[in-house]
Each structure stands twice: as structure tokens, then as C-alpha cells.
Amino acid sequence: MKNTSILVSGLVALIASIGAAAPVAAQDARIQTAYAEVAVTHTSIPVGHLEYCQKRPYECQPMAPAAPVALNDDLWRQLQDVNNHYNTTVTAVSDQDLYGIAEFWTYPTSGYGDCEDFVLAKRAALIERGWEPANLLISVVRQPNGEGHAVLMVRTDRGDMVLDNQEGLIKLWNETSYTFLKRQSQAHAGQWVDILSGDDVTVTATAGY
């Protein structure tokens with residue numbers, strides 16, 4: 001992934017996979033499923049994020065509307081760079097082991113953090129590079145083993161992509177093995193909405209760190 005030619009070819013392959021040669025109706029349907037459908041009303045906020053927002057209210061404010069990111073080679077490379085940087089420089093450790101408590105959302109500390117810490121760091125890094133916050137949404141998922149996990153869902157013109165500390169390859173959300181439960185609202189960083197393709201099961205996001 002560090003090789004430029006691999007990055008560019010990866011973007012080309014992703015674009016092609018969404019249906020460049022498919023019939024129009026089939027292509028439209030595939031593009032539609034590349035975006036997660038969310039509920040209109042708000043849902044419960046993960047406890048860890050609620051406490052995080054109480055400590056950092058400036059990071060949990062309304063967000064300006066934004067069209068999905070129009071991916072090009074440079075922006076695709078930025079996604080890869082940010083994902084790879086934190087996946088290779090931060091070691092996954094549970095909040096219990098690191099802080100002695102079950103749930104604590106923060107930025108990676110001294111090179112250690114759990115899944116939410118990875119997500120917060122990646123989100124902040126992309127915002128610093130000029131990406132719109134409304135396109136960078138913390139999401140809670142359930143892994144195949146039933147444990148909770150957190151990933152960063154990035155809204156692009158190719159679909160909702162997932163930056164994951166357990167996976168080096170950036171994939172469309174519906175190409176992962178996860179069940180997506182809820183994510184930040186696109187309108188407000190301190191509010192959450194259910195992802196309708198998931199189901200109503202309570203999980204602790206840090207379980208899988």
C-alpha cells in the first residue's frame with residue numbers, strides 16, 4: 001500500500017468495481033448499496049462518546065452540510081496514508097488494560113489505544129488535511145464473533161468507505177464482514193443515528209479493540 005502505483009491502481013480498481021461496464025439500472029443499484037442507509041431520528045449516543053463530548057464540546061458541534069468527497073488519486077492516497085500511519089504506529093490495547101476502566105474515548109496515548117482512539121486520531125488527521133467533518137463519521141459495528149468495534153466511515157462519491165485498525169485495506173462498508181449498527185449524524189458530531197442495515201443490538205464498541 002505504500003507504493004504509489006499500488007495506491008493508484010487500487011483506486012482505479014475500486015472505481016471499476018462499482019460497475020463501470022454494468023447496465024445502467026444494475027450500476028445505479030450497486031452504487032446505491034455502496035451508501036449506508038440511516039434512520040431519520042436520533043439514537044442513543046455511545047457512553048464513551050458522550051463522556052468524550054462532555055470533555056471536548058468543541059469537537060461535538062453541528063456540522064456544515066457537505067457533498068460526499070469526490071475521490072481523486074491524491075485524496076485516495078491521503079486516506080491510505082492516514083489509515084496506514086495509525087495502524088502501524090499505534091498498538092491496539094483495551095481501555096481496561098490501558099486506563100483501568102471499561103470505556104474511555106480519547107486520542108492514542110504514547111502509541112497505544114483501542115479502536116475508538118484509532119478512529120478519533122484518523123478523523124482528526126483528515127480534518128486537519130481539509131476533509132469536511134460531515135464526511136468523517138465514527139461508526140459502531142458488530143464483528144462476526146459478536147464483539148463490538150468502532151471504525152471510521154468516510155463518505156465519498158464512490159460510496160461509504162471504512163478505515164479500520166484491524167484491516168489495512170480500505171473497503172466499502174458493505175464489503176466488510178461487520179454488521180453496522182449506528183454512526184455519528186452527518187448534521188451534528190455529538191448526535192448519532194441508527195444504520196438501518198444493522199439491527200438493534202447493544203454492544204460495547206471497545207470489546208474488540
Next on the checklist: Going by side chain to side chain donor-acceptor pair (under 3.5 Å), name the residues that satisfy it together with His188, two or more places apart in sequence or in a different chain.
Outcome noted: none
Checklist entry - Taking the side chain as C-beta and beyond, is there a heavy-atom pair between Glu103 and Glu51 under 4.5 Å? => result no
Next on the checklist: Just so I know, are the side chains of Val193 and Arg183 near enough to count as touching, which here means a heavy-atom distance under 4.5 Å?
Outcome noted: yes
Item to check | For Gly190 against Ile45, the heavy-atom pair lying closest together | outcome: O-CD1, 3.1 Å
Next on the checklist: Ignoring hydrogens, what is the shortest heavy-atom contact between Asn135 and Ala67? Give both atom names and the distance.
Outcome noted: ND2-O, 3.0 Å
Checklist entry - Shared ILVMFWY cluster between Leu71 and Leu137, side chains joined below 4.5 angstrom? => result no
Checklist entry - Between Thr33 and Leu172, does a side-chain contact (heavy atoms from CB on, under 4.5 Å) hold up when you go through it step by step? => result CA-CA 10 Å; Thr33 60; Leu172 289 172; over 6 Å; no
Item to check | Pairwise distance CE(Met161) to CG(Leu169) - rounded to 0.5 angstrom | outcome: 10.5 Å
Checklist entry - Given Asp117 and Val90, is the side-chain contact (heavy atoms from CB on, under 4.5 Å) satisfied, shown in steps? => result CA-CA 9 Å; Asp117 303 351; Val90 178; over 6 Å; no
Next on the checklist: When you measure from the side chain of Trp173 to the backbone of Ala34, do you find a donor-acceptor pair of N or O atoms at a distance under 3.5 Å?
Outcome noted: yes
Checklist entry - So how far is it from Gln78 CD to Gln80 CD, rounded to the nearest 0.5 Å? => result 11.5 Å
Checklist entry - How many angstroms lie between SG in Cys115 and CD in Glu147, if you round to the nearest 0.5 Å? => result 10.0 Å
Checklist entry - Between Asn174 and Phe180, is any pair of side-chain heavy atoms under 4.5 Å apart? => result no
Checklist entry - With hydrophobic residues grouped by side-chain heavy-atom distances under 4.5 Å, do Leu181 and Leu50 end up in a single group? => result yes
Next on the checklist: Working to the nearest 0.5 angstrom, can you tell me the gap between Leu152 CG and Tyr86 OH?
Outcome noted: 11.5 Å
Checklist entry - Taking it one step at a time, do Val162 and Lys171 satisfy side-chain contact (heavy atoms from CB on, under 4.5 Å)? => result CA-CA 6 Å; Val162 173; Lys171 300 178 180 180; 5.5 Å; no
Checklist entry - Is there a donor-acceptor contact under 3.5 Å from the side chain of Tyr35 to the main chain of Thr156? => result yes
Checklist entry - Short question: side chain of Gln184, backbone of Trp192 - any donor-acceptor pair under 3.5 Å? => result no
Checklist entry - What pair of heavy atoms forms the shortest contact from Pro57 to Gln61, and how long is it? => result O-NE2, 2.5 Å
Checklist entry - Asn165 side chain to Phe118 main-chain N or O, any donor-acceptor pair under 3.5 Å? => result no
Next on the checklist: Using side-chain hydrogen bond (donor to acceptor under 3.5 Å, both in side chains), reason through Tyr99 and Thr106 one step at a time and then give a plain yes or no.
Outcome noted: CA-CA 11 Å; Tyr99 301 108; Thr106 189; 5.1 Å; no
Checklist entry - More than 12 non-hydrogen atoms from neighbouring residues, nucleotides or ligands closer than 6.0 Å to OH on Tyr107, yes or no? => result yes
Item to check | Co-membership, hydrophobic cluster, residues Met63 and Val154, 4.5 Å side-chain | outcome: no
Checklist entry - Could Asp194 and Lys182 be called an ion pair, given the rule that one side-chain N must be under 4.0 Å from one carboxylate O? => result no
Checklist entry - Of the options Leu120, Leu126, Ile127, which is the one that meets Arg123 in a side-chain contact (heavy atoms from CB on, under 4.5 Å)? => result Ile127
Item to check | Heavy-atom closest contact (Ala64 atom, Ala134 atom, distance) | outcome: O-CB, 3.5 Å
Item to check | Evaluation steps, side-chain contact (heavy atoms from CB on, under 4.5 Å), between Asn87 and Glu167 | outcome: CA-CA 8 Å; Asn87 285 4; Glu167 170 64 70; over 6 Å; no
Checklist outcome for this item: When rounded to the nearest 0.5 Å, the distance separating CE of Met153 from OG1 of Thr176 is 8.0 Å
Checklist outcome for this item: Heavy-atom closest pair (Pro46 atom, Val140 atom, distance to 0.1 Å) is CG-CG2, 4.1 Å
Checklist entry - Using the ring of each side chain (for Trp, its six-membered ring), is Trp105 parallel, tilted or perpendicular to His49, with breaks at 30° and 60°? => result tilted
Item to check | Interatomic distance, Leu98 atom CG to Thr91 atom OG1 [nearest 0.5 angstrom] | outcome: 10.5 Å
Checklist entry - Under 3.5 Å, is there a donor-acceptor pair linking the side chains of Asp164 and Tyr178? => result yes
Checklist entry - Under a 4.5 Å cut-off applied to non-hydrogen side-chain atoms, are Lys122 and Asn83 in contact? => result yes
